[in-house]
Amino acid sequence: MVRWLAMIAALLVTAVACGRGEAAQSSAAPADFWAAAPQNTAQYWSVYERARAIDPCALLPRAGLAPLGAVRTVAVKGLDSCAAELDSDQPRGVVRVDLRVLAGTVDELGARVGTTKHFDGATALVIADKDTRADKQVPPTGDRACTVNTKFPAHAGFSISVTVPRGIEPCPAAEAVSRTAVAAWKQQPRQEDSIPTVRTVLTGADPCAVTPRLAATVDPDKQQLYACALPYGGTEFALLYEYQSQRALEAGEPVLIADHTVYRHEGNGSPYLEVQVGPAYADGEDGPLAPAVWLGGKDESSLVQIMYQVLQLFPN
């Protein structure tokens, strides 16, 4: 939820009017597609479409993880994310690798700390745990960690965070996994090619697809992979596609919209709506996970109007 709140704040600040271009029909990118920045609206939307077509877990091949330890699991954690757990050589040690695919407005890639490196045409920002400390020293206790944010010139890429037991340097491990992911990315591993994987009604779906129904316009350079900054009625809204626990969804007040049971919540003094749009696919830490739509903004009547139109995209 903390990550979502930060994302929502960024979206609401950057929502501005611009034409909603049509994305390219094919999600298969030519070899040099990621090497050039988008030059027009259609090219921006094409970057999102093609990045959403990439399977996050295919960027963490087991062969590339093997040098870090014996692989326990590689599993989908979200529409844009995958996580792996490995047994370390250290006593009772566990290595965790978290990957998230990124595109568009991504503050993580502009951090003011870390070391910039280059991986086969991509720019990487390597941030060690000590880089974020005031004393720039290794944390005195606990596991070590390193994050590598990798971006292609096409305004897309991924973030990989590696956590390792003490006694292991985290950044060489994170860099090695990131280099493997860069090579895998260029192979365009599609969602339907990865077995096993998780496919739901939201897999590869465009969160800005509702804009024609609302006669709304959005700036493609201010969006994120599964989040849409949506101006409507003179107010800005954030529309997110996500995997959410059914328990968290149903903690709100039920409201019937377009024959769907939608749940109204409040956070930071503002209302937001959540609705499940497909069957649950797995059990998470907080119960069964399901594809869901999150919609937040300050005008409640507009929230209902927007959610009504969104739900036309997901008929019962």
Side-chain angles (χ1 to χ4, degrees), residues 4 7-8 10-12 14-29 33-34 38 40-56 76 78-81 100-106 152 154-158 185 188-192 197-232 236-244 258 260 273-278 281 290-297 303 305-315:
W4 280 128
M7 178 184 293
I8 293 157
L11 286 169
L12 294 181
T14 58
V16 296
C18 185
R20 167 65 166 96
E22 292 301 322
Q25 294 301 307
S26 173
S27 62
F33 176 82
W34 305 106
N40 55 50
T41 298
Q43 289 178 5
Y44 270 107
W45 291 119
S46 184
V47 168
Y48 289 111
E49 181 189 33
R50 288 166 168 167
R52 281 193 295 264
I54 292 175
D55 187 343
V76 170
L79 284 162
D80 57 0
S81 58
R100 179 183 165 214
V101 176
L102 307 168
T105 305
V106 183
F152 294 93
H155 291 203
F158 52 84
W185 180 288
Q188 286 287 124
R190 299 176 301 172
Q191 298 275 1
E192 58 266 32
T197 191
V198 172
R199 287 189 59 80
T200 73
V201 68
L202 294 181
T203 302
D206 179 2
C208 290
V210 72
T211 54
R213 292 177 171 271
L214 299 168
T217 53
V218 293
D219 184 343
D221 194 30
K222 306 299 187 227
Q223 308 304 323
Q224 296 186 18
L225 204 61
Y226 283 101
C228 186
L230 181 64
Y232 181 72
E236 283 74 43
F237 298 85
L239 175 63
L240 315 176
Y241 287 174
E242 63 178 347
Y243 294 151
Q244 177 65 284
H260 287 72
L273 303 176
E274 285 187 298
V275 60
Q276 181 174 335
V277 291
Y281 72 89
V293 174
W294 189 107
L295 177 65
L303 280 176
Q305 294 171 29
I306 295 170
M307 183 60 83
Y308 179 88
Q309 295 299 334
V310 170
L311 291 174
Q312 304 310 304
L313 305 173
F314 304 100

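Every heavy atom of this structure was used, including side-chain atoms; hydrogens, water molecules and symmetry mates were not. Bear in mind that the values here come from a model prediction, so they are computed numbers and not experimental data.
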- Message: Can you tell me how far apart CD (Gln309) and CG (Leu214) are? Round to the nearest 0.5 Å.
- Response: 5.5 Å
- Query: Could you state the interatomic distance from CZ (Arg213) to CD (Gln312), rounded to the nearest 0.5 Å?
  - Reply: 5.5 Å
- Query: Would a 4.5 Å heavy-atom cut-off, applied to side chains only, mark Gln223 and Tyr44 as touching?
  - Reply: no
- Item | Partner set under ring-ring contact (aromatic ring centres under 6.0 Å, His included) for Tyr308, not counting sequence neighbours | none
- Task: Identify the heavy atoms of Pro220 and Tyr48 that sit nearest to each other, and give their distance.
- Result: O-OH, 2.5 Å
- Of the non-hydrogen atoms in Pro231 and Thr217, which two are nearest, and what is the gap between them? CG-O, 3.2 Å
- Task: Check whether any side-chain heavy atom of Leu295 sits under 4.5 Å from a side-chain heavy atom of Ile306, and report yes or no.
- Result: yes
- Task: Run the numbers on Tyr243 and Val76 for side chain to side chain contact (heavy atoms under 4.5 Å, CB included), then give the verdict.
- Result: CA-CA 10 Å; Tyr243 294 151; Val76 170; 4.3 Å; yes
- At their closest point, which heavy atom of Pro38 faces which heavy atom of Ala154, and how far apart are they? CD-O, 3.7 Å
- Should the pair Phe152 and Trp34 be assigned to parallel (<30°), tilted (30 to 60°) or perpendicular (>60°) ring geometry? tilted
- Message: Using 0.5 Å steps for rounding, measure from the OG1 atom of Thr203 to the CG atom of Asp80.
- Response: 11.5 Å
- Assess whether side chain to side chain contact (heavy atoms under 4.5 Å, CB included) is satisfied between Ile54 and Trp185, documenting all intermediate values. CA-CA 8 Å; Ile54 292 175; Trp185 180 288; 3.5 Å; yes
- Would you check, one step at a time, whether the test side chain to side chain contact (heavy atoms under 4.5 Å, CB included) holds for His260 with Met307? CA-CA 10 Å; His260 287 72; Met307 183 60 83; over 6 Å; no
- Query: How close do Ala227 and Pro207 get, heavy atom to heavy atom, and via which atoms?
  - Reply: N-CG, 3.5 Å
- Message: Return the CZ to CG distance between Phe237 and Leu273, rounded to the nearest 0.5 Å.
- Response: 10.0 Å
- Which pair of heavy atoms, one from Ala229 and one from Val218, lies closest together, and at what distance? O-CG1, 3.2 Å
- CG of Leu225 to CG of Leu79: how many Å apart, nearest 0.5 Å? 8.5 Å
- Describe, in one word, how the ring planes of Tyr241 and Phe314 are oriented to each other, choosing from parallel (under 30°), tilted (30 to 60°) and perpendicular (over 60°). perpendicular
- Min side-chain heavy-atom separation Phe33-Val47 under 4.5 Å: yes
- Message: Measuring only between side-chain heavy atoms, which start at C-beta, is Tyr226 closer than 4.5 Å to Leu240?
- Response: no
- Query: CG of Leu230 to CG of Leu239: how many Å apart, nearest 0.5 Å?
  - Reply: 6.5 Å
